[in-house]
Amino acid sequence: MALLDDDRLFPADAAGRKIARALYDSVKPLPIVSPHGHTEPRWFAENQPFPDPAQLIVVPDHYIFRMLVSQGIGLAELGVPSADGAPVETDGRKIWRRFAEHYHLFRGTPTRLWLDDTFQNLFGLDVRLSADTAYHYYDHIAEMLTLEEFRPRALYERFGVEVIATTESALDDLAHHRAIRDSGWPGRVITTYRPDAVTDPDVAGFAENLKALGDITGCDTGSFAGYLEAHRRRRAFFREHGATATDHGHPTARTANLSGDAAAALYDRIKDGSGTAEERELFRAQMLTEMAKFSVEDGMVMQLHVGSWRSHSDRIFKSFGRDRGFDIPQPTNYVAGLKPLLDVCGLEKDFTLIVFTLDETVQSRELAPLAGVYPCLKLGPPWWFFDAPEGMMRFRQAVTETAGFYNTAGFNDDTRAFCSIPARHDVARRVDSAYLAGLVTTGRLDEDEAFEVAHDLTYRLAKQAYRL
Amino acid sequence: MALLDDDRLFPADAAGRKIARALYDSVKPLPIVSPHGHTEPRWFAENQPFPDPAQLIVVPDHYIFRMLVSQGIGLAELGVPSADGAPVETDGRKIWRRFAEHYHLFRGTPTRLWLDDTFQNLFGLDVRLSADTAYHYYDHIAEMLTLEEFRPRALYERFGVEVIATTESALDDLAHHRAIRDSGWPGRVITTYRPDAVTDPDVAGFAENLKALGDITGCDTGSFAGYLEAHRRRRAFFREHGATATDHGHPTARTANLSGDAAAALYDRIKDGSGTAEERELFRAQMLTEMAKFSVEDGMVMQLHVGSWRSHSDRIFKSFGRDRGFDIPQPTNYVAGLKPLLDVCGLEKDFTLIVFTLDETVQSRELAPLAGVYPCLKLGPPWWFFDAPEGMMRFRQAVTETAGFYNTAGFNDDTRAFCSIPARHDVARRVDSAYLAGLVTTGRLDEDEAFEVAHDLTYRLAKQAYRL
Amino acid sequence: MALLDDDRLFPADAAGRKIARALYDSVKPLPIVSPHGHTEPRWFAENQPFPDPAQLIVVPDHYIFRMLVSQGIGLAELGVPSADGAPVETDGRKIWRRFAEHYHLFRGTPTRLWLDDTFQNLFGLDVRLSADTAYHYYDHIAEMLTLEEFRPRALYERFGVEVIATTESALDDLAHHRAIRDSGWPGRVITTYRPDAVTDPDVAGFAENLKALGDITGCDTGSFAGYLEAHRRRRAFFREHGATATDHGHPTARTANLSGDAAAALYDRIKDGSGTAEERELFRAQMLTEMAKFSVEDGMVMQLHVGSWRSHSDRIFKSFGRDRGFDIPQPTNYVAGLKPLLDVCGLEKDFTLIVFTLDETVQSRELAPLAGVYPCLKLGPPWWFFDAPEGMMRFRQAVTETAGFYNTAGFNDDTRAFCSIPARHDVARRVDSAYLAGLVTTGRLDEDEAFEVAHDLTYRLAKQAYRL
């Protein structure tokens, strides 16, 4: 029995399905370009076997554990590490069994699609996961993980990855990236400059982080000028380790364009981690514009991920810390938010700003109109809760008529779940093929053009947008 | 001629239609579970014949009269009771004729589907309603309403209702529910605790209502402690009359978590119906959290219906009062709004909070992410203007990928239009079958799973969520 | 080779496609009613040949040049007139060639549909536009533009226009409309009263505009009473030139209902173009209600186009001025915004207010519920970025279930791109046919009713709503 339908995600009508299949077949063999994600460079540097199936698949994947939590299972029962030192489950078989018992919860979700794809195509499983098959799955996967061909570098090659970007803090020493480069292994694993820890005064340890930034760069981060110079040097250091892009995770899309003096004075007020909430938000806003100016200068592509209320549950945050599935989207305004930055850098032809959203309502109302006219703007693919067939289809339906295809930035998987990467790209390729097939069958696109666009969406646009 | 297409609401493609039909056929015979609505317990207590067709179908149904009003027909012409004593039409035949003349206005609306279903399946009519057939309809329906088998209890049985919940004010004496129970009739008609009249300081007569609450319960509602104790007793009284749930209709989703002292002080400022607008809103917010804490204590399921600007037209409110079709949805924020309540009760495993929205934009952005992680949260079905095929389909498409099926609460009809109940449940069953069929034909769900989910959505989830 | 698919925009399933085609065939021959747009009355008054292809098709069309700008081409390179006197490209062949080279950018956009329709059906072209065919296109179109049958009046007739409305400032002398009327040509080109220049204190030259308004009308615009009387006279003057409607372009949907004294005092504070931002916004708000009251008095239909952040880029505004493709939609609230106006005029049966939105989220949440009950309200068709197949389909899906078809106002093209008018109406007729066919195949509308509704949406509703 197959876990997957070969024609999954294609249109239901015969004509559309036929065209979608042909489009998909034309892009299926293309390499994976993964310009933004959260895999660990250590994997590729050390190339050690992955741990047990639960630690590989369940414990680190917030899509999985949040759904189980929503049905009353505790994070501790799933082995998610606690922040307060309370004990959590460590028996991989028990964790896996709990997950398997509740596999029906994932019906209709992208997680189910990604997992079944991984189970079938990576691990060769052919019965559905359930309480009954839990240990069969566990033992089978555990055994495969001991094999040489399931080590990180082998998987990178098996997955057909051409390039993969990881994301590191501005304070990271990039030792793993250096180790990968020095190892002679031909895989292309590059870093991304993520400076939130030193641009967001609300991050825990902000003042210490600024001091560390000064120490690393030899700059005086006691002054705004020294602080900016420190960024300049770190950006150069990241570029030496392959980075072509920066990434910024902010609560809102607000940007600012203060005078140099005003920005320096603001920095003095927040640099020790104090300042009012408004000053801290204004500093974040100003730093986005500073980052855009750096990008104009050094050519790094800028990514903006905004709109999440992080760690919404106080109790979970206290017991388990960050990134525990309790990050909830908020309404976001890009039109007012981005204006100060766009007034400074928006018409720069060599500047690229890729914007992501967790507020779907802005796609047709704000993002497509903005990206459809500002030369610097590109639309990132559906992100997080929207990286799923319905979300992806709504994205194309919402933005294409105003921004076309060529103001979008291709797909990125944005994941730390390494095994799911082929499945995620496969879903994107299928949905785009289905969307294009729909345009063809309804006379909105010629078939020869659809093949060209399918190739662009799968491969060329990501390489171009991220300068890879 | 049939008024209804047997395959209505199923997918247009042959494969999808076939699967949808099979799914629908499997759930069509299931009993109706109606866990939230506004039918009158008096009907079942007294079991008297319904009045004339206009009084049964047109006059009480705001979906119908609002559409007629939008095209220039006055509420008075439709027999809607006035608040200012001005005379209104009382001739049922005239009201019915006005309605029939404008039946084309309902093309493409759920009202049309519900009505045609009622006309064909309940009353056996087989010509389309129009000016020409108005009196034929009127006389035919009027005659049937005189028959024994069209009395409330007979219809309850004919409709296959297993349980139906009504909604009563906290001040209601529940005499009808007692009468139903004492009558020996086996139908299950239960009440729901709706305390808005004593939790919302903006309700007319709030101070008098608090006094009445004290009188009924023997509690001193002059103090916050006595007021809370009065709620506790009323909740117990409602549970004795079958209630398993409470319901709260608020303008916004705002909740609060004040200290006991601060809450008591706030109560003192608003208990006579005064206080600033902000204080009144804050009191409503605080009371939602108090109600959640009661639910943790006594196990009643909490329902939250928010986001309507009630009685938008001043003139209509003055002349005709509340519930006259001029209630208009507003943007609503659940992420900030619900946080205080969720910080108190959100992780309680035995607490259930069912949330409804009139702002579709929050479904994928806020509600699915919240319900997809908080154990207490369940998503209510599409409500009011969204209880319609397109609205229902958008709901599934918006929430399933993030919250799955098992964080939704099944269907509820939320209606006072008793005759439309089978039609409303039928529409829900058809749309869910169509949605599931689409998942099957696009390889996102296996067929055996679709049958199980169809059963859950139709029957099991409502019983489970409402503890019926 | 045909550029267009005869079945474009029809449903993919065979049954739906067949019905859609039949519906479309029934409305295809109907005349074009264009009740709102921005063609120039001068064209019809003077009936001179249109200039070269670039000046006709590329330079004035913000849909086209904004997409080219988004990919790094400068407005100057496209011949868009500058505001600062900087030179811009004047060679039509060069402009056309730049456009043709980038024609792939329009894949999947309505611009592509409109252009291909114009190229095939108006100019008889049968190869796709590209760099290779650029000059072939240019020379062919240029030659046709010299022909008598491509002059404005001939095109009006060829397009089957029954009536077309232009839009003029309150200060316009309507000389071209007079000339058209005096010419004896039977085409019906009517004006529309657009008073923004004298109702919006943020318009450049506002104080001078008020003075001009006084001079034209012989009223003392130094006082609010005189100012209102001036409007009254200008409205009458516009009606003499065929106007049946007014149009108002505001940043928000805010209305106000100040007392006469308060409004007069406010006028005194803003009439010289000063006042605070809040006062200026309040004046705009008050003037919408004043205009509604005038409409009740004189029967002119009122149109409201709101929600655009005009000239979002400061640099572009400085260099090129207004209407350069940098107008970006904003979130808009109609429920609170329109309430003051609706409390005054909302129940007037002979008053019509047609509302347009650039914020799709309000369609199901606010506009359909409002239009589904207030007798004065009608929903304008999808506007601007949403005048496209997906936007149109989402509109019907969002509003029909609550507001039905008969609270919508038919189609209007709202364009200054004269040649695209038949294509735009054709797209609307096809999408409506597709939507109706979907209702028929899913048993939500009987086929005979679908034909009647198709006719209404194409022809009758626009005539009725605009009193044409």
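Here is how names work: the chains are called A, B, and so on, in the same order as the sequence lines, proteins then strands, and each is numbered from 1.
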- Check for a donor-acceptor pair, side chain of B:Asp343 on one end and backbone N or O of A:Asp314 on the other, with a separation under 3.5 Å. yes
- Item | Under 3.5 Å donor-acceptor, A:Arg8 side chain and B:Leu445 backbone | no
- Item | Which atoms of A:Phe385 approach chain B - backbone, side chain, both or neither, heavy atom under 4.5 Å |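 Contact with chain B: backbone and side chain both.
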- With a 4.5 angstrom heavy-atom cut-off, could you sort out which part of A:Arg394 is near chain B: side chain, backbone, both or neither? side chain
With a 4.5 angstrom heavy-atom cut-off, is it the side chain or the backbone of [X] that approaches chain A, or both, or neither?
| X | answer |
| --- | --- |
| B:Val344 | backbone |
| B:Ala336 | both |
| B:Lys339 | both |
| B:Ala403 | backbone |
| B:Asp448 | side chain |

- Lys/Arg N to Asp/Glu carboxylate O, A:Arg112 vs B:Glu449, below 4.0 Å: yes
- Message: So that I can tick it off, tell me whether B:Glu452 and A:Arg107 are bridged by a salt bridge, with the cut-off set at under 4.0 angstrom between side-chain N and carboxylate O.
- Response: yes
- Query: Looking only at side chains, do A:Glu360 and B:Ser364 share a donor and an acceptor under 3.5 Å apart?
  - Reply: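 Judged by distance alone, the side chains do pair up.
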- Message: Is it true that B:Tyr406 and A:His102 share a donor-acceptor pair across their side chains at a distance under 3.5 Å?
- Response: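 Result is no, nothing qualifies.
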- Item | Check: B:Tyr374 ring centroid to A:His312 ring centroid under 6.0 Å |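 Yes; A:His312 has its ring centre under 6.0 Å from that of B:Tyr374.
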When only pairs under 4.5 Å are counted, which of [options] shares the most heavy-atom pairs with chain A?
| options | result |
| --- | --- |
| B:Asn407, B:Thr441, B:Leu436 | B:Asn407 |
| B:Val335, B:Asn333, B:Thr402 | B:Val335 |
| B:Ala12, B:Ala450, B:Gly443 | B:Gly443 |

- Specify which of A:Gly391, A:Ser313, A:Gly325, A:Gly307 makes the most heavy-atom pairs with chain B at under 4.5 Å. A:Ser313
- From B:Lys349 atom NZ to A:Ile73 atom CD1, the distance as rounded to the nearest 0.5 Å: 8.5 Å
- To the nearest 0.5 angstrom, please state how far the CG atom of B:Leu370 sits from the OG atom of A:Ser70.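 Reported to 0.5 Å precision, the distance equals 11.5 Å.
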- Task: Grab the two heavy atoms, one from B:Val373 and one from A:Ile328, that are nearest each other, plus how far apart they are.
- Result: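 Between these two residues, the closest heavy atoms are CG1-CD1, 4.4 Å.
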